[in-house]
Amino acid sequence: MILDLHLHSELSDDSRAPVEAYLKLLQRKRAERPLDGIVLTEHRQFDLHRDLREVETDYGHVLVYGVNADILARFDFADVRLPAQEVIGEVYRLGGVALPCHPGRPNVGLCAHYESKGPLDGVIAVEALNGGSKKGEDARVQELMRQYGYAGFGGSDSHLVSFVGIVATEFDADIRSMDDLVRELRGGRCRAVDFRQPAPVSA
């Protein structure tokens, strides 16, 4: 099963992409981007019935999956300086999973924070492929994953309809619910896939 685990709809303050437009584009481009679903990760706001969260921490952005009433009661997701160590540990304790995204970005990504502050405990996986990464950023993440033994996931980080599904996450298990997604991510049973590269031509 393949899911884009990181994209923003018009509910995020820096995106104008309607969910319906994402779905229509994926139907048209099914051969090039064979996704089974998408996961909305909206900035600084949360609707328990609709989306998931991208939160800002002192170690950069973190995607939070499996948000529930206990997690919402514990954290103010509008706070742009949440302590990452607390978010990762408490979200896990309360039944979800918090995973650093676009860690290769200069100055603001997890790689840069590890250089200045040291590593976090409890990180299971990091966004190995981010659709918005610039040259060299994903390579930095590969080194981070090797050094710390992290699993990797992928997300387009789409703010524009045309970018949905250019990178994504593949799971061996079927993901039919939020519980399924959280279980597989907590187990590190995921891998990033890249649909930006053209398929090899056979002779």
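Quick note: residue numbers are just sequence positions, from 1.
Counting all heavy atoms, side chain and backbone alike, D36 lies closest to R30 at OD1-NH2, 3.8 Å. The two residues G154 and A192 make their nearest non-hydrogen contact at N-CB, 3.8 Å. Between R196 and D138, the shortest heavy-atom distance links the atoms NH2-OD2, 3.9 Å. In plain terms, the two heavy atoms of A168 and I2 that are nearest each other are CB-CG2, 3.7 Å. In terms of heavy atoms, D174 sits closest to M1 at C-SD, 4.1 Å. Here the closest non-hydrogen pair linking N130 and R105 is OD1-NH2, 3.5 Å.
More than 12 non-hydrogen atoms from other residues, nucleotides or ligands lie less than 6.0 angstrom from NZ of K117.
With hydrogens and angles disregarded, no donor-acceptor distance shorter than 3.5 Å links the side chain of K29 to the backbone of G165. Between the side chain of E184 and the backbone N or O of C190, no donor-acceptor pair lies under 3.5 Å.
Taking the side chain as every heavy atom from C-beta outward, Y22 and D4 never approach each other to under 4.5 Å. Side chains of L82 and F77 form a contact here, defined as non-hydrogen atoms less than 4.5 Å apart. Residues M178 and N68 fail the side-chain proximity criterion, which asks for heavy atoms closer than 4.5 Å. Residues L181 and L3 have side chains in contact (heavy-atom distance under 4.5 Å, counting atoms from C-beta outward). Side-chain contact check for E127 versus P100: every heavy-atom pair is 4.5 Å or farther apart. At a threshold of 4.5 Å between non-hydrogen side-chain atoms, the residues I38 and L23 count as touching. Using a 4.5 Å heavy-atom cutoff, the side chains of L25 and R33 are in contact. I124 places none of its side-chain heavy atoms less than 4.5 Å from the side chain of L185.
Under 4.0 Å is where a charged nitrogen must lie from a carboxylate oxygen, and between D179 and R186 no such pair does.
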Would you sort out whether H61 and L63 count as a side-chain contact (heavy atoms from CB on, under 4.5 Å), showing the intermediate values? CA-CA 7 Å; H61 289 189; L63 299 173; over 6 Å; no
Check the pair R140 / E143 against salt bridge (charged side-chain N to carboxylate O under 4.0 Å, His left out), numbers first and verdict last. CA-CA 5 Å; R140 288 183 77 195; E143 180 54 37; over 6 Å; no
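Side-chain contact annotation: H102 with E137, donor-acceptor N/O pair under 3.5 Å absent.
Note that CZ of R28 is 9.0 Å distant from NZ of K24, once rounded to the nearest 0.5 Å. Here the CZ-OG1 distance, from R191 to T169, works out to 10.0 Å after rounding to the nearest 0.5 Å. In this structure, OG1 on T41 lies 6.0 Å from CG on L7, to the nearest 0.5 angstrom. E54 CD to L99 CG: the interatomic distance, rounded to the nearest 0.5 Å, is 12.0 Å. The CG atom of L35 sits 11.0 Å away from atom CD1 of I166, with the distance rounded to the nearest 0.5 Å.
In the hydrophobic clustering of ILVMFWY residues, with side-chain heavy atoms under 4.5 Å counting as a link, F153 and L129 come out apart. With hydrophobic clusters built from ILVMFWY side chains whose heavy atoms lie under 4.5 angstrom apart, F195 does not share a cluster with V167. Under the 4.5 Å side-chain heavy-atom criterion for grouping Ile, Leu, Val, Met, Phe, Trp and Tyr, V80 is not connected to V108 through any hydrophobic cluster.
Annotation for V141: hydrophobic cluster partners, listed by chain and number, are Y59, I88, L110, Y114, L120, V123, V126, L144, M145, Y148, Y150 (ILVMFWY side-chain heavy atoms under 4.5 Å, direct or chained).
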